[in-house]
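Below, each value reflects all heavy atoms present in this structure, side chains not excepted, and no hydrogens, waters or symmetry copies. All values derive from a computational prediction rather than experimental measurement.
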Amino acid sequence: MTMNARVDQAVDEASAMSAAACMFRSLGDPARLAILRHLASGEHKVVDLTAHLGLAQSTVSAHLACLRDCGLVSSRPQGRASMWSLQHAAVLMDVLASAERLLAATGDAVTLCATYGEATR
C-alpha cells in the first residue's frame with residue numbers, strides 16, 4: 001500500500017467516524033428519541049407530538065428540524081399542517097433496538113458514567 005493510499009484510507013476512516021459521531025449526537029437527546037419512538041407508530045402532526053410528549057410546540061418543532069436535517073424524519077403538507085414520519089424506519093428501528101440490547105448488556109454503566117451519565121446533568 002502506498003503512502004497516499006494510507007493517507008486516503010485514514011482520511012476516509014476519520015470522515016466516517018465523524019459522520020457516525022454526528023448521527024449519534026442527533027440521537028443523543030431524550031426528547032428526540034421520544035419523537036422517533038412515537039413516529040415509529042406512524043405519521044403525526046406537531047400538535048399530536050406535543051400532546052403525547054408534553055413538550056412545547058417550539059421544542060418539538062426544533063427537534064423535528066434537527067431530525068429532518070439529519071435525514072431521520074421528513075414531512076409532507078396536509079392542509080395547513082405537516083405530517084411527520086420516519087425516513088429509513090426499518091434501519092433506524094434496528095439502530096435503536098441495538099442500543100437497547102447494548103444498554104441491557106452494560107447494565108447501569110452508562111447512567112453511572114462520570115462523563116455522560118445522569119449525575120452530570
Side-chain angles (χ1 to χ4, degrees):
M1 181 180 291
T2 68
M3 181 62 162
N4 285 342
R6 277 188 233 127
V7 169
D8 288 345
Q9 183 179 4
V11 169
D12 289 345
E13 186 174 334
S15 179
M17 291 300 105
S18 178
C22 290
M23 188 220 26
F24 282 114
R25 279 193 298 274
S26 75
L27 299 173
D29 184 276
R32 286 194 292 275
L33 286 174
I35 289 168
L36 293 172
R37 284 281 180 204
H38 198 62
L39 290 176
S41 67
E43 288 185 316
H44 292 284
K45 297 177 187 176
V46 171
V47 67
D48 300 330
L49 293 168
T50 59
H52 177 77
L53 301 170
L55 298 172
Q57 181 272 326
S58 59
T59 301
V60 171
S61 292
H63 285 306
L64 285 168
C66 171
L67 294 168
R68 180 199 59 225
D69 292 347
C70 292
L72 300 177
V73 300
S74 63
S75 65
R76 65 175 180 81
Q78 183 178 30
R80 292 177 51 194
S82 295
M83 297 298 291
W84 289 88
S85 61
L86 295 178
Q87 290 286 93
H88 318 289
V91 177
L92 180 57
M93 290 300 104
D94 285 347
V95 168
L96 295 178
S98 293
E100 288 174 0
R101 287 191 303 276
L102 182 57
L103 286 169
T106 60
D108 291 331
V110 73
T111 58
L112 300 174
C113 173
T115 305
Y116 294 111
E118 290 180 356
T120 62
R121 293 179 191 198

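- When each of Leu67, Val91, Leu39, Leu72 is paired with Leu86, the side chain to side chain contact (heavy atoms under 4.5 Å, CB included) condition holds for Leu39 and for no other.
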Full working for side-chain contact (heavy atoms from CB on, under 4.5 Å) between Leu102 and Val110:
CA-CA 10 Å; Leu102 182 57; Val110 73; over 6 Å; no

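- The hydrophobic clustering, which links ILVMFWY residues whose side-chain heavy atoms are closer than 4.5 Å, places Met83 and Val46 apart.
- Here the CG atom belonging to Leu96 is positioned 10.5 Å from the CG atom belonging to Leu103, to the nearest 0.5 angstrom.
- Distance SG/Cys70 to CZ/Arg25: 9.5 Å, rounded to 0.5 Å.
- Sorted by first then second residue, the ring-ring contact (aromatic ring centres under 6.0 Å, His included) pairs that include residues 63-90, not counting sequence neighbours, number zero.
- With Val60 as the partner, the side chain to side chain contact (heavy atoms under 4.5 Å, CB included) test is satisfied by one option alone out of Leu55, Asp48, Val47: Leu55.
- For the pair Arg32 (side chain) and Ser26 (backbone), a donor-acceptor distance under 3.5 Å is present.
- Within the 3.5 Å criterion, the main-chain N or O of Ala14 finds no donor-acceptor partner in the side chain of Ser18.
- Here the closest non-hydrogen pair linking Val73 and Leu64 is CG2-O, 3.7 Å.
- Partner Ser41 forms a side-chain hydrogen bond (donor to acceptor under 3.5 Å, both in side chains) with one of His38, His44, Glu43 and no other, that one being His44.
- Donor-acceptor pairing under 3.5 Å is lacking for the side chains of Thr50 and Gln57.
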